Protein chains: 2
Amino acid sequence: MLSFTEENYLKAIFKLSEKTDGPISTNAIAHEMNTAAASVTDMVKRLAKNDFILYERYKGVFLSKQGDIIARKLIRKHRLWEVFLFDKLNFTWDEVHDIAEQLEHIQSEELVDRMDKYLGSPKFDPHGDPIPNKNGQFAIREQDPLSELVLKDKGIIVGVREHSKAFLQYLEQCNLVLGTHVAVLEIFDYDGSIKIKINHKIEQIITQKVANNLFIIKEE
Amino acid sequence: MLSFTEENYLKAIFKLSEKTDGPISTNAIAHEMNTAAASVTDMVKRLAKNDFILYERYKGVFLSKQGDIIARKLIRKHRLWEVFLFDKLNFTWDEVHDIAEQLEHIQSEELVDRMDKYLGSPKFDPHGDPIPNKNGQFAIREQDPLSELVLKDKGIIVGVREHSKAFLQYLEQCNLVLGTHVAVLEIFDYDGSIKIKINHKIEQIITQKVANNLFIIKEE
DNA sequence: ACATATTTTTAGATTCGTCTAAAAATATGT
DNA sequence: ACATATTTTTAGACGAATCTAAAAATATGT
């Protein structure tokens with residue numbers, strides 16, 4: 001059975017693989033995990049020896065089929081626990097991550113299955129990230145960054161790109177939470193900021209950075 | 001912060017202290033934790049150095065105030081998680097222990113408090129064991145082993161002394177679960193076995209051993 | 001009370017996950 | 001294309017948690 005640490009390495013490699021084509025570098029993993037590169041070298045050797053990853057010296061690593069399956073299971077567990085914490089225990093979306101980070105390592109297939117059912121088999125977590133199904137497959141949906149909408153476009157906020165506490169707390173304060181309706185009233189060429197109407201009521205200007213980190217499902 | 005292992009040692013010492021007066025021996029801990037006595041010696045030195053226990057060479061250990069608080073928190077978490085698994089996810093009472101053994105190490109005071117509230121602040125877990133409150137205090141109630149009841153006594157099963165899977169599964173099969181009504185119909189001097197009426201319907205003979213491991217709240 | 005048995009500790013080793021510092025390999029810029 | 005910068009690996013060390021085997025302390029029985 002894998003240790004917490006080994007699981008976290010696989011998860012980190014999975015995450016990096018989503019953003020990058022080709023092998024994942026030692027340095028990238030070290031950065032993602034806040035460890036020294038030398039520690040990563042040691043660990044990837046172990047993971048490679050046990051066929052969780054494919055590793056070539058000085059080249060980087062890929063997840064093996066086995067490693068990929070484990071990483072997806074971890075993400076499934078993490079996101080299901082986030083839904084539990086958010087839906088059932090009323091934690092805010094900026095609080096759920098740290099606790100889920102611990103809970104994702106609980107070992108029990110049965111627990112995951114029952115949790116999934118108990119929560120109504122959710123397809124997305126409190127940040128709008130897709131929850132892998134039992135086979136590791138992610139749901140996909142048509143969504144665009146708010147920054148790509150044009151004048152008079154409108155829709156519902158369904159996810160965030162950035163997950164920092166600061167960003168999530170900012171959104172909470174502006175009522176820009178999941179499920180919120182937004183309409184583009186004005187786009188300022190000067191700095192890319194956007195005036196939007198929130199839930200058909202309040203008007204507000206948000207920066208391009210904020211807009212780029214909000215995912216919208218267009219309406220009409 | 002304490003490691004999982006250190007937490008488990010404190011919990012083991014707490015459990016042993018409940019059954020025994022005086023210091024807890026190295027051997028007793030080793031037996032409880034399925035480790036070598038030498039490992040225990042090493043660990044108790046560390047725990048003593050950090051003031052979680054009081055340790056005297058060749059004498060044994062006591063929990064310190066601090067260690068006692070931590071142990072009670074662990075038990076609180078363990079039993080609350082058991083209630084969650086049993087009440088909300090419909091695990092059976094022989095399945096909940098192993099998963100709760102992992103969940104008890106999740107670090108978040110807030111999570112424990114919310115869980116407690118979510119579950120309706122239960123005072124007893126699915127085996128009838130008391131759940132410490134936020135201050136570490138156990139609820140107490142008048143209960144007797146079924147083996148101490150006399151003819152015509154009756155009452156409700158509220159707990160078990162033994163927690164083995166085999167015993168719990170046996171009880172499940174006989175419908176001798178928590179909340180079941182039992183009445184003593186006959187006591188056989190020969191081997192101490194008892195004929196009982198289960199839920200005013202079925203009559204059954206159970207061994208003295210079984211009777212001794214069932215806790216009853218008397219009725220009338 | 002002394003020999004024997006038991007318990008506990010010490011000594012020395014192992015594995016995991018980490019580190020720093022130095023060496024080796026690879027990438028880059030003019 | 002060569003010097004320089006960057007990345008990666010190796011080497012050596014450390015702390016946590018474990019083990020086995022042997023030594024030391026304590027307990028027990030006749």
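Just so you know, these numbers come straight off a predicted model, no measurement behind them. Lettering of chains follows the sequences in order, A, B, ..., and the numbering in each one begins at 1.
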Rounded to the nearest angstrom, tell me the gap between atom CE in Met43(B) and atom C1' in dT10(C).
18 Å

Quick one about Asp94(A) and Thr92(A) (side-chain donor to acceptor, distance below 3.5 Å, no hydrogens or angles considered), yes or no?
yes

Please tell me if Arg57(B) has a side-chain N or O lying less than 4.0 Å from either OP1 or OP2 of dT10(C).
yes

Stepwise, does the side chain to side chain contact (heavy atoms under 4.5 Å, CB included) test hold for Leu171(B) with Leu214(B)?
CA-CA 10 Å; Leu171(B) 293 178; Leu214(B) 280 176; 3.9 Å; yes

For a quick check of understanding: with a heavy-atom distance under 4.0 Å over all strands, which category does Thr5(A) fall into, base, sugar-phosphate or nothing?
sugar-phosphate

Which whole-number value in Å describes the distance from Glu7(B) CD to dA16(D) P?
16 Å

Do the charged groups of Lys218(A) and Glu148(A) touch, with an N to O distance under 4.0 Å?
no

Glu142(A) atom CD, neighbour heavy-atom count above 12 within 6.0 Å:
no

Ignoring hydrogens and angles, state whether a donor on the side chain of Gln66(B) or Ser64(B) is under 3.5 Å from an acceptor on the partner side chain.
no

Here the distance between atom P of dA11(D) and atom CG of Asp42(A), to the nearest Å, is 11 Å

In terms of relative ring orientation, are Trp81(A) and Phe84(A) parallel, tilted or perpendicular, with 30° and 60° separating the classes?
perpendicular

Could you tell me whether the phosphate oxygens of dT9(D), OP1 or OP2, come under 4.0 Å of any side-chain nitrogen or oxygen in Tyr55(A)?
yes

Of the options dT26(C), dA24(D), dC19(C), whose atoms approach the side-chain atoms of Tyr58(B) most closely?
dA24(D)

Think Thr41(A) has a side-chain N or O under 4.0 angstrom from the OP1 or OP2 of dT9(D)?
yes

Would you say a side-chain N or O of Lys45(B) is under 4.0 Å from OP1 or OP2 of dT10(C)?
yes

Can you give the donor-acceptor pairs under 3.5 Å from side chains of residues 109-129 of chain B to other protein atoms, not counting sequence neighbours?
unit_1    : atom_1 : unit_2    : atom_2 : d
Glu109(B) : OE2    : Lys73(B)  : NZ     : 3.0
Glu110(B) : OE2    : Arg114(B) : NE     : 2.7
Glu110(B) : OE2    : Arg114(B) : NH2    : 3.1
Asp113(B) : OD1    : Lys134(B) : NZ     : 3.3
Asp113(B) : OD2    : Lys134(B) : NZ     : 3.2
Arg114(B) : NH1    : Leu89(A)  : O      : 2.8
Arg114(B) : NH1    : Asn90(A)  : O      : 2.7
Asp116(B) : OD2    : Ser121(B) : OG     : 3.0
Tyr118(B) : OH     : Tyr118(A) : OH     : 2.4
Lys123(B) : NZ     : Ser121(B) : O      : 2.8
Asp125(B) : OD1    : His127(B) : N      : 2.7
Asp125(B) : OD1    : Gly128(B) : N      : 3.1
Asp125(B) : OD1    : Asp129(B) : N      : 3.0
His127(B) : ND1    : Glu82(B)  : OE1    : 3.1
His127(B) : NE2    : Trp93(B)  : O      : 2.8
Asp129(B) : OD2    : His163(B) : NE2    : 2.6

May I ask you to say what Tyr9(A) touches in the nucleic acid, namely base, sugar-phosphate or nothing, with a heavy-atom cut-off under 4.0 Å?
sugar-phosphate

Could you give me the CA-CA distance, side-chain angles and deciding distance for Leu149(A) and Leu146(A), then say whether side chain to side chain contact (heavy atoms under 4.5 Å, CB included) is met?
CA-CA 5 Å; Leu149(A) 268 56; Leu146(A) 175 47; 3.9 Å; yes

What is the distance from CE of Met1(B) to C1' of dA16(D), rounded to the nearest Å?
14 Å

Lys59(B) NZ to dA27(D) C1': how many Å, rounded?
13 Å

Any stems for DNA chain D, made of 3 or more Watson-Crick or G-U pairs in a row, each with both distances under 3.5 Å?
C:1-30 with D:1-30

Is there a side chain to side chain contact (heavy atoms under 4.5 Å, CB included) between Ile53(B) and Tyr9(B)? Walk through the geometry before answering.
CA-CA 10 Å; Ile53(B) 60 176; Tyr9(B) 270 91; over 6 Å; no

Near-strand residues of residues 17-35 of chain B, defined as heavy-atom separation under 4.0 angstrom from DNA chain C:
Ser25(B), Thr26(B), Asn27(B)

